[in-house]
Amino acid sequence: MKCRVCRGPAVIDIRRHNANFCPEHFERYCRQQVERAISDFEMLSLDDRALVAVSGGKDSLAVWELLVELGYRADGLYVGLGIGDYSDASASHARAFAEHRSLELIEIDLRRVHGYDIPTAAAVTRRVPCSACGLSKRHLFDEATIDGGYDVLVTGHNLDDEAAVLYGNVLRWQTEYLGRQLPVLAAGSGFPRKIKPLVRLTERETAAYCVIRGIDYLVEECPMAGGNKHLAYKEALNEMERRSPGTKSDFYFGFLRRAAGRFASDDPERSDLGRCLSCGAPAAAELCAFCRLTDRVAGAEPVPVELLRTSR
Ligand code: AMP
Ligand code: FES
Ligand code: ZN
Ligand code: ZN
């Protein structure tokens, strides 16, 4: 296997591009894919101040590294979700990365600042953990971006994530979500601009990028994500991709080119929202969903993640 660029020994094959790369040219390929996503979707300019939401996993550390490599100004944001050892480990990976590169990392601990953690919220609300988790993350990401005076919030969502979510939404024709399934969401109605610069890279590629760059990421997945439907969608898409390389990116980018615009009016977040009486965030009712959750779960007896797992 030879590198497409220099004909030296290749370490990775990328079937959808019919290409193999050596480490050096694979890194260059990753930078080019991110640059292309940024310019195709007008995500970011060099003057912008970006805040990267980092979980300590491969995608978020890779996107932070790539943005810095490309000359963008990017600080990190870590949210402590209180998911036992998993959260402790993710915090250490995010901190070690930032320290090594002398990058700024903002930390928000859900229990310390808001009086609850995800296992407790899941137990009290009797819903899947990802529900309180997603809601809390979205709220805290938006708030930190706006309060910190950043121009844009960056997440590590990659092509596999976006294609899997799209697949799930299409299977159920959840048109209200299809209107928002974009690699860039413009700022407005109290929300910051949100971008996903890794949409042109798969998770296999972001993992390989981290290994080649010596980025020590947390390999373990969230212990509470077991029943997550997206895993099944990812597997189904991977099987189709194996048989016919390029299917996944054709599905996702074809949607963006030809279909996404048709669903824009189904997006409820575009309608005018009021402001939460408690925190000032955009809200459809008197209180935003985050403050309603906090009211319900803050102060509840903490439920350790181990207990929640065995009781499920
Ligand atoms: P997930 O919701 O776990 O699929 O993660 C999607 C993206 O959200 C990641 O790529 C990160 O950018 C961000 N993210 C996830 N967990 C955290 C966390 N605990 N703190 C900050 N950012 C996070
Ligand atoms: Fe949110 Fe696991 S990271 S429930
Ligand atoms: Zn090469
Ligand atoms: Zn609120």
Side-chain angles (χ1 to χ4, degrees), residues 1-12 19-29 50-64 67 74-83 86-91 93-95 98 105-110 114 117-118 129-131 133-145 153-158 160-162 164-165 190 194-199 201 203 206 212 217-218 220-222 224-225 228 230-231 234 273-295:
M1 202 162 82
K2 288 189 177 149
C3 170
R4 168 154 102 182
V5 184
C6 68
R7 312 305 301 162
V11 292
I12 187 164
N20 308 319
F21 293 108
C22 70
E24 179 193 340
H25 291 116
F26 176 67
E27 278 189 34
R28 192 181 75 164
Y29 157 84
L51 185 61
V52 184
V54 285
S55 63
K58 60 187 183 330
D59 302 309
S60 49
L61 293 182
V63 75
W64 197 3
L67 290 182
D75 293 346
L77 168 66
Y78 171 76
V79 175
L81 300 165
I83 309 179
Y86 169 75
S87 288
D88 296 341
S90 43
H93 285 269
R95 278 180 207 138
L105 179 70
I106 300 172
E107 292 192 40
I108 301 173
D109 186 78
L110 205 47
H114 295 283
D117 52 44
I118 297 303
C130 297
S131 155
C133 179
L135 191 160
S136 308
K137 283 192 292 199
R138 276 193 302 278
H139 179 90
L140 296 172
F141 292 175
D142 290 356
E143 190 176 66
T145 308
L153 172 78
V154 181
T155 53
H157 293 97
N158 57 43
D160 296 86
D161 297 324
E162 295 305 287
V165 172
K194 295 177 197 176
I195 65 169
K196 300 171 181 171
L198 296 185
V199 284
L201 293 172
E203 53 193 32
T206 59
I212 288 171
Y217 63 92
L218 178 64
E220 193 193 331
E221 299 283 342
C222 169
M224 301 175 83
N228 196 324
H230 291 142
L231 297 176
K234 278 188 182 173
L273 292 168
R275 289 288 181 270
C276 171
L277 292 180
S278 173
C279 74
E286 281 193 353
L287 291 183
C288 71
F290 178 78
C291 289
R292 289 201 305 271
L293 176 72
T294 311
D295 279 356

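Atoms considered below: every heavy atom in the structure, side chains included; atoms not considered: hydrogens, waters and symmetry mates. First listed ligand is number 1; within each ligand, the first listed atom is number 1. If you read the sequence from its start, that first residue is 1, and numbering goes on from there. These figures come from a predicted structure and were not determined experimentally.
- For Leu77, every heavy-atom contact with ligand 1 shorter than 4.0 Å involves the backbone, none the side chain.
- Ring planes of Phe26 and Phe21: tilted class, angle from 30 to 60°.
- With a heavy-atom cut-off of 4.0 Å, Val54 touches ligand 1 through its backbone alone.
- At under 3.5 Å, not a single nitrogen or oxygen of Leu81, backbone or side chain, sits near a nitrogen or oxygen of ligand 1.
- The heavy atom nearest to atom 20 (N) of ligand 1, out of those in Thr206, Leu140, Val79, is found in Val79.
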Verify side chain to side chain contact (heavy atoms under 4.5 Å, CB included) between Phe290 and His114, making sure each step is shown before the conclusion.
CA-CA 10 Å; Phe290 178 78; His114 295 283; 3.7 Å; yes
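- With a cut-off of 2.8 Å, the protein N/O/S atoms near the Zn ion (ligand 4) add up to 4.
- Shown here are the protein N/O/S atoms lying under 2.8 Å from the Zn ion (ligand 3), water excluded: Cys3 SG, Cys6 SG, Cys22 SG, His25 ND1.
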Could you give me the CA-CA distance, side-chain angles and deciding distance for Leu218 and Tyr86, then say whether side chain to side chain contact (heavy atoms under 4.5 Å, CB included) is met?
CA-CA 9 Å; Leu218 178 64; Tyr86 169 75; 3.6 Å; yes
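- Near Ser60, meaning under 4.0 Å from one of its heavy atoms, ligand 1 places the atoms 11 (C), 12 (O).
- Residue-to-ligand polar distances place Gly156 within reach of ligand 1: an N/O pair is separated by less than 3.5 Å.
- Residue Lys137 has at least one heavy-atom neighbour below 4.0 Å for each of these atoms of ligand 1: 1 (P), 2 (O), 3 (O), 15 (C), 16 (N), 17 (C).
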